[in-house]
Amino acid sequence: MNRKKIEDIKLNNNKVITIPKEDIPKKIAPSYINTYIPPENSTKYDFLKKINKNTESFTQRIPQTPKMPSSNSNFGKKFAAFVLLLIIAGSIYLLSTVFFKAKVTIIPKVKSFDLSSQKFTAGKFKTTNVPFEVMIVPDVETKDVVLTTTLNASDKAKGEITLYNEYSTKPQKISAGTFISDDKGKSYKTDTTVTIPALTKDNSKIIPGQIPVKITAFLSGDTYNGSPDSFYINSYKGTTKYEKIYGKIKTPLSGGVAGLVYVLDDKEKEGIISDTTALNERLLRKLSAQIPEGYIYYPDGVSFVYEFSENITSKTPVEKIEIKSTVSTFLFKETDLSNFLINKLLPDISDKEKSEILPPDLSKLTFSFADKGQAISKDIENFNFELSGNLIINWKPNVDELKGLLIGKNKNEVPAIFKLDPGISSASISIIPFWSSKLPNEVKNINILFK
């Protein structure tokens, strides 16, 4: 069998594939592909050039298979654009509904007042004054004192008892100098004349009448010092009255002494209360712990009182001295004092604006009595005082009321609403989404912050 060969010939670095004639379909085979007869004077290889040229022409005339446009590609682009549009629309909807918020930042109004030792009046009954209360706190402390002075003494013990009447529905008179005895048989005399009230009855229960009376020991000496339990009237002994009219100790008997004893001299008296710093601090701590909630007192508005027995006699040079001390002060209810000062400093303020003022810090003020010798007691009805320092007054607008005024409003309406509130110094507002010109219609979506 004869076979045609395909020859690869490299001409001008281009690769040319020669296709045999019989392999080309007849309907597209060009007419010029025939048997080649070389011309005269040509070499035996010239026909190759001719064939290559014809083949190259044929190769160039065979077009590539054309690509048809795809309808799926256009559909994909349109679908992607539609999805993107949905995402954008959904985002706008979420920002306009779910994430629709407004933040209001408010700088409240603040004012400072220099009181410069202004004088005020506190009174229990006058409504134009500051109401006050009196607080008195007692304390007892024992202190060791070294006594250096001696003398021969002969003193009788003294004390106080309470007399009771369980005998009669009529008052019972006890004359001064009446002899009474304690449960150990020691005798005393009453210092004054007293009348014991009649007994009363509550159903079957007897309530005895009672009255206090001071007594003095019959003899000198320290053996009478102490606190006997019961006392009886000597003249009633052997009668029903002896058990029914009796006495009980009220204050211990003391001061009884006989012979050489140590006594408290003037120098030692001064030494007892010469340094009261520790006592004052102790009393102030005790006072502060008992101040009711919502009340205030000023350390410069307190009074200290110390008491001890000056008629001390002792068998030994070292004696324990009992010091009774009290601290007294005027208390102010914080709301009362705050309202009083606000009314004085801002006389033209409206009730609405006053309701927006926060309670000022009263502890920053300095208190002093207008009368440097001012006493403190429960009987005082009024007094004058001074307050010094800077009083800072802060406003805090009503958040709930502001939210109610702001819901659903346009941005351009908001400044006018802020101006109507006297407690607002300045304010700003931001809305999400930023393109919205109106505030949310729900209170929960409006957040108010104070700066």
Verify the neighbour count for atom OH of Y167: are there more than 12 heavy atoms of other residues, nucleotides or ligands below 6.0 Å? no
Do Y164 and I245 have side chains that approach each other closer than 4.5 Å (heavy atoms only, starting at C-beta)? no
Does any part of the side chain of K320, heavy atoms only, come nearer than 4.5 Å to the side chain of K143, both counted from C-beta? no
Should the heavy atoms of other residues, nucleotides or ligands under 6.0 Å from NZ of K411 be counted, would the total exceed 12? yes
Reported NZ-to-CD distance for the pair K324 and E141, which is rounded to 0.5 angstrom: 14.5 Å
Between F332 and Y295, ring centroids under 6.0 Å: no
Nearest heavy-atom neighbours spanning G159 and L253: N-CD2, 3.3 Å
If you count heavy atoms of other groups shown closer than 6.0 angstrom to NZ of K214, is the number above 12? no
Heavy-atom closest contact (Y297 atom, L287 atom, distance): CE1-CD2, 3.7 Å
Give a yes or no on this: more than 12 heavy atoms of other residues, nucleotides or ligands lie within 6.0 Å of atom NZ of K244. no
Output, in order, the C-alpha distance, side-chain angles, deciding distance and verdict of ring pair (Phe, Tyr, Trp, His ring centres under 6.0 Å) for Y242 and Y232. CA-CA 6 Å; Y242 189 75; Y232 303 94; 5.1 Å; yes
Look at the side chain of N410 and the backbone N and O of N412, then say whether any donor-acceptor pair between them is shorter than 3.5 Å. no
Can you tell which of I446, N441, N445 makes a side chain to side chain contact (heavy atoms under 4.5 Å, CB included) with I407? I446
Nearest heavy-atom neighbours spanning G247 and L163: CA-CD2, 4.1 Å
Spacing of CG belonging to L439 relative to CG belonging to L406, to within rounding of 0.5 Å: 6.0 Å
Whether T193 side chain and A176 backbone form a donor-acceptor pair below 3.5 Å: yes
Counting C-beta onward and ignoring hydrogens, is there a side-chain heavy-atom pair between T149 and Y262 closer than 4.5 Å? no
Can you tell me if CD on E307 sees more than 12 non-hydrogen neighbours from other groups inside 6.0 Å? no
Is the backbone N or O of D265 less than 3.5 Å from a side-chain atom of E268, with the two atoms forming a donor-acceptor pair by type? yes
What I'd like to find out is whether the side chain of P171 reaches to under 4.5 Å of the side chain of P197, using heavy atoms alone. no
For K103, look at atom NZ and say whether over 12 heavy atoms of other residues, nucleotides or ligands are found less than 6.0 Å away. no
Kindly determine whether S181 and K186 satisfy side-chain hydrogen bond (donor to acceptor under 3.5 Å, both in side chains), including the steps that lead there. CA-CA 5 Å; S181 299; K186 295 174 185 175; over 6 Å; no
Examine the side chains of S377 and D379 and answer whether a donor and an acceptor come within less than 3.5 Å of each other. no
Using 4.0 Å as the upper bound for N to carboxylate O, is an ion pair formed by K109 and E353? yes
Ion pair check, E401 and K352, cut-off under 4.0 Å: yes
With a 4.5 Å heavy-atom cut-off, do T190 and T216 have their side chains touching? no
Rounded distance [0.5 Å steps], CG in D182 versus CG in D229: 10.0 Å
What do you reckon, is NZ of K333 surrounded by more than 12 foreign heavy atoms closer than 6.0 Å? no
Check the angle between the aromatic planes of F120 and F385 and answer parallel, tilted or perpendicular using the 30° and 60° thresholds. tilted
Could you check whether any side-chain heavy atom of K286 comes within less than 4.5 Å of a side-chain heavy atom of Q290, counting everything from C-beta outward? yes
For F304, give me all partners under ring-ring contact (aromatic ring centres under 6.0 Å, His included), at least two apart in sequence or on another chain. none
N225 side chain vs G256 backbone, donor-acceptor pair below 3.5 Å: yes
Check whether K396 reaches the backbone of P108 with its side chain - one donor and one acceptor, N or O, closer than 3.5 Å. no
Any side-chain heavy atom of I249 sitting closer than 4.5 Å to one from T251? no
Taking it one step at a time, do T366 and S388 satisfy side-chain hydrogen bond (donor to acceptor under 3.5 Å, both in side chains)? CA-CA 5 Å; T366 301; S388 301; over 6 Å; no
Check: E243 side chain, T240 main-chain N or O, donor-acceptor pair, under 3.5 Å: no
Aromatic contact, F330 with F132 (centres under 6.0 Å): yes
Between the side chain of S338 and the main-chain N/O of T335, is any donor-acceptor distance below 3.5 Å? no
Expected output: side-chain N129 to main-chain N384 donor-acceptor under 3.5 Å: no
Go through the steps for Y188 and F179 under the test ring pair (Phe, Tyr, Trp, His ring centres under 6.0 Å), then give the verdict. CA-CA 6 Å; Y188 308 83; F179 278 93; over 10 Å; no
Any idea how F383 and F369 line up, ring-wise: parallel (<30°), tilted (30 to 60°), or perpendicular (>60°)? perpendicular
Please check if the side chain of T276 supplies one atom and the backbone of I273 the other of a donor-acceptor pair under 3.5 Å. no
Pair T329, Y298 - check side-chain hydrogen bond (donor to acceptor under 3.5 Å, both in side chains), show working. CA-CA 8 Å; T329 188; Y298 291 95; over 6 Å; no
Do K409 side-chain atoms and L405 backbone N/O form a donor-acceptor pair below 3.5 Å? yes
For I196 and N165, which heavy atoms make the closest approach, and how far apart are they? CG2-CB, 3.3 Å
Verify the neighbour count for atom NZ of K111: are there more than 12 heavy atoms of other residues, nucleotides or ligands below 6.0 Å? no
Answer whether the closest heavy-atom distance between the side chains of I321 and I312 falls below 4.5 Å. yes
